[in-house]
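Structure record follows, encoded as structure tokens.
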Number of protein chains: 2
Amino acid sequence: MKKSKDTTTESEILNAAKRIFQRKGMSGARMQEIADEAGINKALLHYYFRSKQLLFEAVFKSLFFMLAPELNKVLNDDSNLFDKIKSFTANYISFVIKHPFLPNFIIQELNRNPEFVTTLITNEYFPNISTFKNQVKEEIAQGIIKPIKPEQLFINVLALNVFPFIASPLLEGLLAINDKDFNKLMEERTTQVADFIINAIKI
Amino acid sequence: MKKSKDTTTESEILNAAKRIFQRKGMSGARMQEIADEAGINKALLHYYFRSKQLLFEAVFKSLFFMLAPELNKVLNDDSNLFDKIKSFTANYISFVIKHPFLPNFIIQELNRNPEFVTTLITNEYFPNISTFKNQVKEEIAQGIIKPIKPEQLFINVLALNVFPFIASPLLEGLLAINDKDFNKLMEERTTQVADFIINAIKI
DNA sequence: ACATTTGTTAACCAAATGGTTAAACTAAAT
DNA sequence: ATTTAGTTTAACCATTTGGTTAACAAATGT
């Protein structure tokens, strides 16, 4: 009784689980809810994934390696540093619009279980920072940008792009604005964040 | 049988609940665990706080209004903008060292229940951005800093300071460093983040 | 055709969990 | 000394929850 369609039962479950886990986290998600979301019996979840923990891990890894290529855009693109920062900043927002809960989910679950990151590191698609490091050092040596540790610059790029979406409910409260105005601010950032960073480091 | 000591049973429960909720979140925390942490019977939790939800709300509000004064340091300090950014950046790290789980907890629970922020806004100690807005506009008019929306600058200051601690497990993985080296990076940031921001906006 | 493997479900189970109850205990007021 | 009001506990309860079982259905191989 193979479904053999492009939506197998297993991937249907995984997608349903992704949706639920992203919103509710490991401890907030319920197996019954995931089964309902997938439109199947709860026992089938255990047939395909044995336990909640294993289903969660499958979801987590799959979602992390959806985010990884986005990070690689800052790390392993062959353009110069400024262009790289510009394109990352411009692209990140469209990724978040498609997957609004994903970055927060990754960060939240890594805080709950920090050791989990060691599992990810061994994967060949895990983002590697060494090219970025060399590039920053190179451009510092060439007098294009001010001296800064590549790690600090990387953290800053990530912070300025990722944080606003993770903290959106808080920011909407602090700035006393609604969703619509917040989204406008985020659109402005597609260019402004890159300018901000470039201004901070260029000589 | 009033305890009338500086540690009443009620505050003892609240403190235990703060510790547990911060680490595990609303859905991950267990009433029994909180009772154990407080060294009392589980029924006492319900005697003092009626339900998990009400206990959680008490904890959340209390923790939020521990964070609020930190934010007000960027918003309602009477020094000039550059000094304000410097002192906030320098102070924030020492706050996070005392309360490493607090900012992440606030952001996570506001994501889980974004409407909750409306409850906070009415409170008199809720951070207000209007002074900061005027100050930024003023310093732009005086030609001290480049034109930038106060909201964007505020988001950037917050992002650069708050994000690294929230994303620490992820960053340690991406940068391939351990806790010790990560903390070194964070110490460097006490001055570097302010310089980064000031370089980005000064004329 | 038929046996075997794979996929799916309803019903069930044990443990965990939030919450309740009734009784016991304590300190102060009468 | 007795009452009274607040505090604390052990035992209990109903529901939820992750997980299992056994039977059934659909493919698949021979």
Not counting sequence neighbours, which residues clear ring pair (Phe, Tyr, Trp, His ring centres under 6.0 Å) with B:F95? List them please.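 Per chain and number, B:F95 pairs via ring pair (Phe, Tyr, Trp, His ring centres under 6.0 Å) with B:H99.
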Expressed in angstrom and rounded to an integer, what is the separation of [X] atom [atom1] from [N] atom [atom2]?
X: B:F49; N: C:dT20; atom1: CZ; atom2: P; answer: 16 Å
X: A:K52; N: C:dA15; atom1: NZ; atom2: P; answer: 19 Å
X: B:E33; N: C:dT17; atom1: CD; atom2: P; answer: 9 Å
X: A:L54; N: D:dG19; atom1: CG; atom2: P; answer: 9 Å
X: B:L44; N: C:dG18; atom1: CG; atom2: P; answer: 16 Å
X: A:I20; N: D:dG18; atom1: CD1; atom2: C1'; answer: 16 Å
X: A:M26; N: D:dT17; atom1: CE; atom2: P; answer: 14 Å
X: B:I13; N: D:dT7; atom1: CD1; atom2: P; answer: 11 Å

(Q) Any N or O donor-acceptor pair under 3.5 Å from the base of C:dG18 to the side chain of B:K42? (A)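 Under the 3.5 Å cut-off, the side chain and the base do form a donor-acceptor pair.
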| task | Please work out if B:Y48 contacts a base, only the sugar-phosphate, or nothing of the nucleic acid, heavy-atom cut-off 4.0 Å. | result |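 The residue B:Y48 makes sugar-phosphate contact but no base contact.
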B:A29 near the nucleic acid: base, sugar-phosphate alone, or nothing, with a heavy-atom cut-off under 4.0 Å?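 Here B:A29 touches the backbone only, sparing every base.
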Query raised in the report: Are A:F101 and A:F105 close enough that their ring centers fall under 6.0 Å?
Result: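 They do not qualify: ring centres at least 6.0 Å apart.
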Measuring from the side chain of [X] (C-beta onward, heavy atoms only), which nucleotide among [options] has the closest atom?
X: A:M31; options: C:dT17, C:dT8, D:dG18; result: D:dG18
X: A:Y47; options: C:dT8, D:dG19, C:dG18; result: C:dT8
X: B:R30; options: D:dT20, D:dT9, C:dT17; result: C:dT17
X: B:A43; options: C:dT20, D:dG6, D:dG19; result: C:dT20
X: A:N41; options: C:dG19, C:dT9, D:dG18; result: C:dT9

Check whether any side-chain N or O of A:S51 sits under 4.0 Å from OP1 or OP2 of D:dG18, and answer yes or no.
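Checking D:dG18 against A:S51, no side-chain N or O comes under 4.0 Å of OP1 or OP2.
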Open item on the list: Tell me if a side-chain donor or acceptor on A:E151 pairs with a main-chain N or O of B:L175 at a distance below 3.5 Å.
Closed with: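 The answer is no, because no donor-acceptor pair under 3.5 Å joins these two groups.
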Item checked: A:R112 charged N/C atom sitting above A:F56 aromatic ring, 6.0 Å / 45° ->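 So A:R112 does make the cation-pi contact.
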**Message:** Around atom OH of B:Y125, are there more than 12 heavy atoms from other residues, nucleotides or ligands closer than 6.0 Å?
**Reply:**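 Not more than 12 within 6.0 Å, no.
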